[in-house]
Undergrad: 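One structure is given below, represented as structure tokens, and several questions about it will come after.
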Protein chains: 2
Amino acid sequence: MKNQFDYIDQQILTKLREDARKAFSQIAEELNVSNSLIHQRIKKLTSEGVIKNAEFVLDEKKLGYKTKSYTGIRLREARFAKEVMRELEKIDEIVECNFVSGNYAIFILIFARDNEHLQKILYDKVHLINGVAGTDTFICFDTCFKRNFVIE
Amino acid sequence: MKNQFDYIDQQILTKLREDARKAFSQIAEELNVSNSLIHQRIKKLTSEGVIKNAEFVLDEKKLGYKTKSYTGIRLREARFAKEVMRELEKIDEIVECNFVSGNYAIFILIFARDNEHLQKILYDKVHLINGVAGTDTFICFDTCFKRNFVIE
DNA sequence: GCTGAAACAAGTAGTGT
DNA sequence: ACACTACTTGTTTCAGC
């Protein structure tokens, strides 16, 4: 099964994923096509939702978030999931929230200033949410690597 | 304790994190400062490593990755960690790898085409790495939210 | 540490094949 | 589905305050 994306689409996505500020005109030059073709393709890919947005990636440690943790949440009863999720969304330090299979109902990613701050988030906020039975926290000592998936 | 970043830095980071293609000149206008000041600040923030890079965010599902999973890896002996990590890095579908505290030594994020593909990655690749005792996989049914941390 | 002007490069839209 | 042209806008550098 092949994707609905041709070589030009694939190249555009690859190049812009590496550098969102890359000039469209330069991509055109590298692919030996016109400026406006690149424009049209990007417009198409954006309207299709393949391109979601463009963002600057910032260093969270340099901005004061030294403690990163993955935390699994156990629920008292499975039916609390949505309600708990809505409460979790109110906590700014929780930057990602997933419904998952397995031991935990919900799996979250937390960026805290330090370990003490993380403890406060867990004890004074997450644990007080109605329906939360308990949490298991995996503190991230080091992100060995982080990269993009392959576009085929 | 305050950050070493003033209002202009903070605004630049916030605006560019929301939209990496935003014109620097427009940021200048919004903040009522000169064009070149924005340039100088961005240069400074980039050289300091606060700004890491700029990337387009793509929809992984539309590009064929339907199954996302968080997977914890248990090691036969803790000292295998680095070696195992280097082997994990060779598997393209593993897009993030962390050393963590708790039950698992290593925690990874996998983007697979479907459940069958995920199974192959785990059984035919991860489980064959020397030092890996076992894995626990949390398949992500839904990412309820994903957002940026607050810049203060 | 910041501005302003000027030269250059890129983005955008319309037209034509 | 693509290229060409003309017009608008943004980027970048540097002299000067």
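Remember, it's a predicted structure, so these values are computed and weren't measured experimentally. Chain letters run A, B, ... following the sequence lines, proteins first and then strands; every chain starts at 1.
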Undergrad: Between C1' on D:dA1 and CD1 on A:Ile12, what's the gap in Å once rounded to a whole number?
TA: 13 Å
Undergrad: Need to verify one output field. Residue with the more 5' nearest nucleotide on DNA chain D, A:Val33 or A:Arg21?
TA: A:Val33
Undergrad: Would you call B:Lys22 and A:Glu55 a salt bridge, taking side-chain N to carboxylate O under 4.0 Å as the test?
TA: no
Undergrad: Checking B:Phe24 against A:Phe56 for the ring-ring contact (aromatic ring centres under 6.0 Å, His included) test, could you report, in this order, the C-alpha distance in whole Å, the side-chain angles of both residues, the deciding distance, and whether it holds?
TA: CA-CA 13 Å; B:Phe24 298 165; A:Phe56 267 60; 7.2 Å; no
Undergrad: Looking at B:Phe149, I'd like to know if the NZ or CZ of B:Arg17 sits under 6.0 Å from its six-membered ring centre while staying within 45 degrees of the ring's axis.
TA: yes
Undergrad: Tell me: CG of A:Leu31 to C1' of D:dA1, nearest whole Å?
TA: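 For the pair A:Leu31 CG and D:dA1 C1', the rounded distance is 16 Å.
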Undergrad: Report the distance from atom NZ of B:Lys22 to atom P of D:dT11, rounded to the nearest whole Å.
TA: 12 Å
Undergrad: Counting the benzene-type ring for Trp, do B:Phe99 and A:Phe141 have ring centres under 6.0 Å apart?
TA: no
Undergrad: When you check the phosphate oxygens OP1 and OP2 of D:dA1, does a side-chain N or O of A:Arg41 lie under 4.0 Å from one of them?
TA: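 For A:Arg41, the contact criterion (side-chain N or O under 4.0 Å from OP1 or OP2 of D:dA1) is not met.
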Undergrad: For A:Ser25 and A:Gln40, take the nucleotide of DNA chain C holding the closest heavy atom to each; which residue's nucleotide lies nearer the 5' end?
TA: A:Ser25
Undergrad: Measure from CG on B:Asn35 to P on D:dT12 and round the result to the nearest Å.
TA: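 B:Asn35 atom CG is separated from D:dT12 atom P by 10 Å.
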Undergrad: For A:Glu48, is the CD atom crowded, meaning more than 12 foreign heavy atoms sit under 6.0 Å from it?
TA: yes
Undergrad: Expressed in angstrom and rounded to an integer, what is the separation of B:Ile42 atom CD1 from D:dT11 atom P?
TA: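 It works out to 8 Å between those atoms.
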Undergrad: Measure CZ/A:Phe24 against C1'/D:dT8 and give the value in whole Å, please.
TA: 16 Å
Undergrad: Mind checking A:Ser36 for me? I need base, sugar-phosphate or nothing, with any heavy atom below 4.0 Å counting as a touch.
TA: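 Answer is base: heavy atoms of A:Ser36 come under 4.0 Å of a base.
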Undergrad: Please report the distance, rounded to the nearest Å, between CD1 in B:Ile27 and P in D:dT11.
TA: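 Interatomic distance, CD1 of B:Ile27 to P of D:dT11: 8 Å.
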Undergrad: What I want to check is whether the side chains of B:Thr67 and B:Asp114 have a donor and an acceptor closer together than 3.5 Å.
TA: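 No pair is found: no donor N or O on one side chain lies under 3.5 Å from an acceptor on the other.
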Undergrad: B:His39 NE2 to D:dT12 P: how many Å, rounded?
TA: 4 Å
Undergrad: Heavy-atom distance under 4.5 Å between the side chains of B:Ile108 and B:Glu96, does that happen here?
TA: no
Undergrad: What does A:Gln26 touch in the nucleic acid at a heavy-atom separation under 4.0 angstrom: a base, only the sugar-phosphate, or nothing?
TA: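 Here A:Gln26 touches no strand at all.
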Undergrad: Provide the start and end nucleotides, 5' to 3', of the part of DNA chain C that has atoms under 4.0 Å from heavy atoms of chain B.
TA: C:dC2 to C:dG11
